[in-house]
Amino acid sequence: MTKLDEIPVAWDAAGEGDILEPSAVSYVRFLGQKLFDDYEPLQFQSFDTQLLDWLNNVDDADDQKTLFALLTDVFYAGRKEYAALYRSAYNGVISSWIIDVCDLPLFAEDIDSRIRSQVNQSWICPMTDSLRINAFLKTNNLVSQSVRPDWLSLVELADINKIQLYIDKKEIKNLILLEDFVGSGIQASDVLKFLGSNFPSLNILFSPLIVCPKGDAKLSNLTGAIPQLRYAPQLVLPESSIFSPEASKGEPPHHAAARALFEKISGRFVLPAHETMYGFKSTGSQVVMHSNCPNNTLQVFHHAGADWVPLFPRVRRIL
């Protein structure tokens with residue numbers, strides 16, 4: 001049994017057959033300084049301290065190595081990465097969509113200013129309150145309508161007639177919906193169905209920044225049922241980045257050890273019915289955003305309980 005007070009130097013010099021790759025510790029320490037230390041829900045605790053507390057959730061040295069190996073797979077989206085995705089969204093899919101729905105002359109000398117003018121006249125909103133719409137607007141030097149609510153809240157609380165009155169008053173023809181991360185696609189699908197059913201004359205672009213394969217498949221299938229909708233994600237994660245409950249060909253060697261570890265420690269995790277050790281609906285995501293950790297991500301990273309200290313504590317909602 002091992003209680004770590006520091007990461008063993010030997011872990012960085014992994015040999016053949018070791019579950020850790022050579023220099024894995026140096027790699028994680030570098031990421032800790034450049035990225036992980038900026039994780040907002042952990043801003044009053046150093047990443048190095050949290051890492052040791054997380055590894056000490058388990059006593060066996062091999063289990064600690066397995067957790068550490070999982071950390072090397074994490075896709076972490078920091079502030080700079082999101083700024084780049086914001087710019088990519090505007091310069092890519094949003095501009096292309098505006099050219100199409102507004103029938104703009106692609107080779108006009110003032111095409112850039114025409115695009116910006118039409119985007120500014122559109123209704124730019126977040127799908128949920130997770131997407132920081134102000135950051136998107138500031139990064140791209142855009143203006144917006146005076147009201148820019150998250151549409152998940154509107155589905156639950158709003159008066160459809162009042163929404164339509166606002167659309168008519170502002171002469172809105174185009175709705176641009178953004179979201180930072182989509183896992184299973186369930187929430188996004190509910191919002192888009194609501195829009196399609198109640199606002200058929202509104203051109204809708206939905207451009208999430210990061211999407212898991214399950215969510216991408218669900219949303220792609222939905223587009224045929226909503227004629228005025230275009231779904232255009234910025235980044236769709238490859239299947240190879242998803243941690244599946246079942247073994248898959250070509251997966252990293254430490255995944256088998258991780259599945260065995262999950263089974264061994266699962267009794268320490270008190271989870272809602274819709275979550276497993278592999279996240280919400282077993283999505284198997286290994287994504288962490290600088291602002292929060294999605295519940296689609298593996299539980300070992302974000303779950304907090306009497307018997308588990310998370311590495312990336314998740315700010316949850318009351319369900």
Side-chain angles (χ1 to χ4, degrees), residues 36 39-42 45 47 50-60 62-77 127-130 152 156 179-190 208 210-218 237 239 241-248 251-252 254-319:
F36 302 154
Y39 185 62
E40 285 186 5
L42 203 59
Q45 172 88 306
F47 175 75
Q50 194 74 12
L51 176 59
L52 286 172
D53 289 344
W54 180 63
L55 293 173
N56 283 323
N57 280 308
V58 293
D59 296 325
D60 184 82
D62 288 338
D63 290 342
Q64 291 168 345
K65 283 187 176 183
T66 298
L67 285 178
F68 200 92
L70 283 174
L71 177 56
T72 64
D73 290 341
V74 162
F75 180 92
Y76 188 95
M127 172 69 77
T128 74
D129 64 2
S130 181
L152 184 64
E156 190 72 23
E179 180 64 336
D180 55 359
F181 175 81
V182 170
S184 66
I186 293 174
Q187 283 186 338
S189 294
D190 289 344
I210 302 172
V211 187
C212 288
K214 280 186 178 180
D216 182 59
K218 190 175 187 66
L237 299 175
E239 285 286 353
S241 71
I242 299 301
F243 196 116
S244 171
E246 294 80 33
S248 58
E251 69 179 13
H254 61 270
H255 279 203
R259 288 190 193 92
L261 175 61
F262 292 171
E263 185 172 349
K264 182 167 70 173
I265 65 177
S266 62
R268 299 165 63 181
F269 292 71
V270 181
L271 303 175
H274 52 266
E275 295 188 20
T276 71
M277 293 296 291
Y278 301 87
F280 179 83
K281 298 290 184 181
S282 293
T283 303
S285 162
Q286 298 184 87
V287 173
V288 178
M289 303 176 295
H290 71 93
S291 56
N292 206 8
C293 185
N295 67 346
N296 303 90
T297 295
L298 303 179
Q299 296 287 348
V300 291
F301 289 121
H302 65 81
H303 181 83
D307 295 320
W308 193 262
V309 177
L311 181 58
F312 299 106
R314 168 175 162 76
V315 178
R316 290 185 171 269
R317 302 175 190 269
I318 299 174
L319 300 177

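Residue numbers count from 1 along this sequence. Just so you know, these numbers come straight off a predicted model, no measurement behind them.
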What heavy-atom pair brings [X] and [Y] nearest, and what distance separates the two atoms?
X: I242; Y: T283; result: CG2-O, 3.2 Å
X: D59; Y: Q64; result: O-NE2, 3.9 Å
X: Y39; Y: C293; result: OH-N, 3.1 Å
X: E179; Y: S130; result: OE2-CB, 4.4 Å
X: F243; Y: A258; result: CZ-CB, 3.6 Å
X: M277; Y: L271; result: N-CD1, 4.0 Å

CD of Q187: more than 12 outside heavy atoms within 6.0 angstrom?
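12 or below, so no.
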
For residues Y278 and F262, establish whether the separation of their ring centroids is below 6.0 Å.
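Yes, ring centres under 6.0 Å apart.
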
With rounding to the nearest 0.5 Å, note down the distance linking [atom1] in [X] to [atom2] in [Y].
X: S266; Y: Q299; atom1: OG; atom2: CD; result: 11.0 Å
X: K218; Y: I186; atom1: NZ; atom2: CD1; result: 6.0 Å
X: F68; Y: D63; atom1: CZ; atom2: CG; result: 15.0 Å
X: T276; Y: L298; atom1: OG1; atom2: CG; result: 8.5 Å
X: K264; Y: D60; atom1: NZ; atom2: CG; result: 5.5 Å
X: N292; Y: D180; atom1: CG; atom2: CG; result: 9.0 Å

Pairing residues for R314 by the side chain to side chain donor-acceptor pair (under 3.5 Å) criterion, not counting sequence neighbours
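None.
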
Check the angle between the aromatic planes of F36 and Y76 and answer parallel, tilted or perpendicular using the 30° and 60° thresholds.
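It falls in the perpendicular class, over 60°.
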
What I'd like to find out is whether the side chain of [X] reaches to under 4.5 Å of the side chain of [Y], using heavy atoms alone.
X: V288; Y: L311; answer: no
X: V315; Y: E40; answer: no
X: V182; Y: M127; answer: no
X: V287; Y: N296; answer: no
X: I265; Y: V300; answer: yes
X: T297; Y: M289; answer: no

Is a donor from one side chain sitting under 3.5 angstrom from an acceptor on the other, for Q286 and S241?
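Q286 vs S241: no donor-acceptor pair found between side chains.
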
Verdict with reasoning, F301 to W54, per ring pair (Phe, Tyr, Trp, His ring centres under 6.0 Å)
CA-CA 9 Å; F301 289 121; W54 180 63; 5.6 Å; yes

Expected list for residues 210-217: side-chain donor-acceptor pairs under 3.5 angstrom, two or more places apart:
| from | atom 1 | to | atom 2 | distance (Å) |
| --- | --- | --- | --- | --- |
| K214 | NZ | K281 | O | 2.8 |
| K214 | NZ | S282 | O | 3.3 |
| D216 | OD1 | Y231 | OH | 2.7 |

Check whether any side-chain N or O of Q50 sits under 3.5 Å from a backbone N or O of P310 as a donor-acceptor pair, and report yes or no.
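Checked: pair present.
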
Measure from the side-chain N and O atoms of E251 to the backbone N and O of S248, and report whether any donor-acceptor pair falls under 3.5 Å.
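Judged by distance alone, yes, a pair lies under 3.5 Å.
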
